[in-house]
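Structure first, commentary second.
Numbers restart at 1 for each chain; the letters A, B, ... are given by sequence-line order, proteins then strands.
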Number of protein chains: 2
Amino acid sequence: MKPTVYDIARSAGVSLATVDRVLNGRPGVRHVTRERVEQAISSLGYVRDVAAANLAKGRTYSFVFVLPNYDNSFMIGIRDEVHAAISRSGAERTQIRIVEVPPFDAAALADALNHIVPDRPDGVAFVAVEGHEVHAALAGLKDAGIAVVTLVSDLPGSERDHFAGIDNHAAGRTAANLLGRFTGGRDGRIAVIAGSMLVRDHRERLEGFLAVMGESFARLDVLPVMEARDNPALTAEVVSAALGRYPDIIGLYSLGAGNRGMVHALREVAREARPVVVAHELTGTTRAALAEDLIDAVLNQDAGHEVRSAIRVLKGKVEGLSVIAAQERIRIDIFLKDNMP
Amino acid sequence: MKPTVYDIARSAGVSLATVDRVLNGRPGVRHVTRERVEQAISSLGYVRDVAAANLAKGRTYSFVFVLPNYDNSFMIGIRDEVHAAISRSGAERTQIRIVEVPPFDAAALADALNHIVPDRPDGVAFVAVEGHEVHAALAGLKDAGIAVVTLVSDLPGSERDHFAGIDNHAAGRTAANLLGRFTGGRDGRIAVIAGSMLVRDHRERLEGFLAVMGESFARLDVLPVMEARDNPALTAEVVSAALGRYPDIIGLYSLGAGNRGMVHALREVAREARPVVVAHELTGTTRAALAEDLIDAVLNQDAGHEVRSAIRVLKGKVEGLSVIAAQERIRIDIFLKDNMP
DNA sequence: GATTTTCTGATTTACGTACCTCAAAAACTG
DNA sequence: CAGTTTTTGAGGTACGTAAATCAGAAAATC
């Protein structure tokens with residue numbers, strides 16, 4: 001039979017109240033007594049029944065997700081996952097609220113974060129945009145004792161408790177590796193399309209990409225990055241223009257969103273002339289393009305994992321646990337047409 | 001505030017006992033009354049507090065994992081994950097036991113399964129080996145009302161409730177795709193090393209591999225598969241011999257275990273002469289080999305995911321829920337040196 | 001040794017659900 | 001209509017923990 005608090009009390013020769021004090025870190029227990037209880041706990045192999053504890057506590061955690069109201073598939077995916085978490089939240093004694101903010105707007109984000117403080121939620125997760133206002137707002141949250149996690153896009157050098165997202169530098173390196181190898185020894189140019197170099201994720205991906213290109217694939221000539229603001233129409237235009245101007249483009253790395261436009265442009269190219277293409281995020285568009293051989297590989301970060309990881313970390317923080325880094329690392333998934341999930 | 005059973009009773013104008021009868025499918029409720037209660041449940045948006053329910057039930061699920069006592073890194077990983085689950089199991093009202101059996105031995109496996117029946121656990125997970133005895137034993141388990149999940153290796157055509165493992169056919173296809181592209185247009189031979197063609201996983205991987213090789217990379221000449229019984233020493237020998245005999249081997253697919261031996265053999269080859277290598281399972285060996293550029297890509301199935309998925313499915317089965325296939329699909333991970341976790 | 005402070009014990013209530021018993025009411029049966 | 005069966009109500013106990021109160025014991029301080 002699983003040992004309970006009663007067993008500990010009996011085994012340690014103390015009362016239930018003392019066991020409770022030890023278990024929940026309440027004051028008023030002499031050092032020796034505390035040790036005796038801890039001894040009993042470990043020798044009996046007691047583990048707190050989390051279900052019963054939560055039931056008794058009756059406390060529900062309240063978290064706020066601040067998300068950009070940005071309509072690319074990936075962000076929609078993130079929102080969907082948060083909603084899914086909300087619908088599960090009843091069973092998990094968690095209350096989650098979504099606050100939407102305009103994308104890429106540091107001031108608006110900071111404003112939203114500041115408005116959250118008076119509500120005193122237990123934790124906040126948000127997609128970071130760089131800016132001193134954001135740093136200040138984050139500090140305000142921490143001062144109020146609120147756990148903070150950045151999601152998808154990080155805010156390095158800040159006091160966030162955790163970043164739930166991928167290592168974008170590594171993602172860029174991976175893309176370069178794939179693209180370099182898939183082009184198979186041929187010489188030629190590589191085009192890179194980004195959303196905006198103002199966004200940290202994109203900058204980091206580009207850095208990693210260029211680093212590996214330089215190290216391992218000097219035969220390939222990487223064109224200056226083209227920014228298309230994650231806009232499908234603009235992306236289509238930019239890609240078409242580049243392919244028209246440089247017929248020797250043999251590889252394409254799309255490190256942002258707007259893939260719909262890119263796919264559209266690629267479809268215009270004769271099959272034999274198509275470059276090798278690596279893109280980010282497995283969405284309806286990229287999935288179809290993979291199946292059609294318009295895209296050769298897709299790097300993906302699992303939105304569900306990110307959201308659930310963020311919630312787990314927030315809960316852990318509130319309960320005073322530390323993050324197990326290895327467990328919360330978000331993987332960079334590689335999908336070819338054959339291993340699409 | 002979250003509605004409770006009391007709220008339902010009040011809202012439906014019935015007693016708590018009646019609500020309980022409806023919620024738990026107990027008999028003795030008139031149809032009209034039952035409908036009234038269900039109406040109240042859905043209009044209040046009641047969701048059962050699982051924690052409280054489990055606490056009240058006090059029931060613990062008992063599962064048995066039947067695993068081959070086979071000492072390759074992957075199986076060790078699986079065992080470790082089961083042990084990890086066991087150490088967590090206290091908190092999750094689950095009791096998990098491991099039974100070890102000799103590998104690739106249908107009779108021994110069947111025997112072990114038969115011996116489990118009298119214990120009447122709620123569920124059993126096992127790594128399938130093909131054989132009519134196994135089918136019979138599985139039927140015995142099902143007859144006893146025990147939920148059954150196959151792990152890593154499936155037993156198609158049987159009555160198992162679920163298979164927690166990857167699509168090995170797709171894995172083989174993925175390997176071929178990577179190998180074909182990584183060899184970059186060059187002609188040459190491809191060597192394939194398997195553990196044993198008697199194991200379904202390996203057969204399926206090979207099938208998928210050969211299919212894509214035939215479809216898309218006819219320029220590559222795939223040598224007859226070499227079986228090395230997942231034995232490192234034998235693998236080293238076989239690989240060395242093949243590389244010596246056919247200097248034009250430009251690609252190597254290791255679809256089983258024994259990678260330590262393969263890496264050993266590869267280390268002997270001059271850097272420029274090394275073939276492109278795709279292997280399975282991210283272990284200490286393959287991880288190091290990836291970092292050293294001895295292996296170019298590793299396909300991986302996450303042992304932790306598989307074990308946890310198996311447990312989730314078993315629990316779900318016991319509680320009478322159906323499996324959400326999409327949620328339990330185990331992914332084929334691709335790792336290059338840049339995106340190793 | 002008296003007083004204050006710090007510990008400890010005993011006991012109680014609550015959380016939300018499951019499950020049990022017994023009695024009463026309502027619905028059928030002939 | 002009486003008798004039988006089915007349905008419903010009322011109430012209680014249990015699960016394992018949290019959290020609180022209050023009294024009493026032990027230790028520290030003067």
Side-chain angles (χ1 to χ4, degrees), chain A residues 1-41 44-61 89-95 315 318-320, chain B residues 1-41 44-61 88-95 318-320:
Chain A
M1 208 55 219
K2 244 187 81 182
T4 73
V5 281
Y6 294 93
D7 299 318
I8 299 174
R10 192 148 16 85
S11 161
V14 300
S15 78
L16 212 54
T18 303
V19 174
D20 180 67
R21 288 177 187 120
V22 172
L23 277 176
N24 295 291
R26 282 184 253 278
V29 184
R30 252 189 318 163
H31 190 66
V32 283
T33 316
R34 163 160 280 127
E35 288 210 323
R36 206 141 47 93
V37 174
E38 277 163 355
Q39 170 62 38
I41 288 174
L44 288 179
Y46 168 84
V47 276
R48 181 196 244 106
D49 184 321
V50 188
N54 286 337
L55 180 58
K57 272 197 279 233
R59 96 163 278 181
T60 58
Y61 300 117
S89 63
E92 292 166 11
R93 320 192 92 74
T94 329
Q95 206 198 315
K315 265 192 194 166
V318 174
E319 285 165 356
Chain B
M1 208 58 220
K2 243 187 80 182
T4 72
V5 281
Y6 294 92
D7 299 317
I8 300 173
R10 194 151 9 88
S11 161
V14 300
S15 78
L16 212 54
T18 303
V19 174
D20 179 66
R21 287 175 187 121
V22 172
L23 277 175
N24 296 291
R26 282 185 254 278
V29 184
R30 254 190 318 162
H31 189 66
V32 282
T33 317
R34 165 161 277 130
E35 288 209 322
R36 206 140 47 93
V37 174
E38 277 163 354
Q39 169 63 37
I41 289 174
L44 288 179
Y46 168 84
V47 277
R48 183 196 245 107
D49 184 322
V50 188
N54 285 338
L55 180 58
K57 271 199 280 239
R59 99 162 274 181
T60 58
Y61 300 117
R88 280 194 309 270
S89 64
E92 292 166 10
R93 321 192 91 74
T94 331
Q95 207 198 315
V318 173
E319 285 166 355

Counting only side-chain N and O atoms of Thr4(A), is one of them less than 4.0 Å from OP1 or OP2 of dG16(D)?
no
With a non-hydrogen cut-off below 4.0 angstrom, is Ala53(A) in contact with a base, only sugar-phosphate, or nothing?
sugar-phosphate
Classify the nucleic acid contact of Asp20(A) as base, sugar-phosphate or nothing, counting any heavy atom under 4.0 Å across all strands shown.
base
Of the listed dT17(D), dG16(C), dA18(C), the closest approach to the Ala52(B) side chain comes from dG16(C)
State whether Thr18(A) places a side-chain N or O below 4.0 Å from either non-bridging phosphate oxygen (OP1 or OP2) of dG9(C).
yes
Phosphate contact (dA20(D) OP1 or OP2) by Arg26(A) side-chain N/O below 4.0 Å:
no
Is a side-chain N or O of Asn24(A) found less than 3.5 angstrom from the main chain of Asp20(A), in a donor-acceptor match?
yes
Within the distance-only criterion (no hydrogens, no angle test), does the side chain of Arg21(B) pair as donor or acceptor with the backbone N or O of Arg26(B) below 3.5 angstrom?
no
Grab the two heavy atoms, one from Val19(A) and one from Val37(A), that are nearest each other, plus how far apart they are.
CA-CG1, 4.3 Å
Counting side-chain heavy atoms from CB outward, which of dG9(C), dG16(D), dT7(D) is closest to Asp49(A)?
dG16(D)
Pairwise side-chain contact, Val47(B) with Lys2(B), heavy-atom cut-off 4.5 Å (strictly under)
yes
Arg48(B), nearest nucleotide to its side chain (from dA18(C), dG9(D), dT17(D))
dA18(C)
From the options dC19(C), dG9(C), dT17(C), select the nucleotide whose nearest atom is closest to the side chain of Lys57(B).
dC19(C)
Can a side chain N or O of Tyr6(B) be found less than 4.0 Å away from OP1 or OP2 on dA14(C)?
no
Considering only heavy side-chain atoms of Arg30(B), the closest of dT7(D), dG9(C), dG16(D) is dT7(D)
Tyr46(B) has a side chain; which of dT17(C), dG16(D), dG9(D) sits nearest to it?
dT17(C)
Ala17(B) side-chain proximity, nearest of dG9(C), dT11(C), dA10(D)
dA10(D)
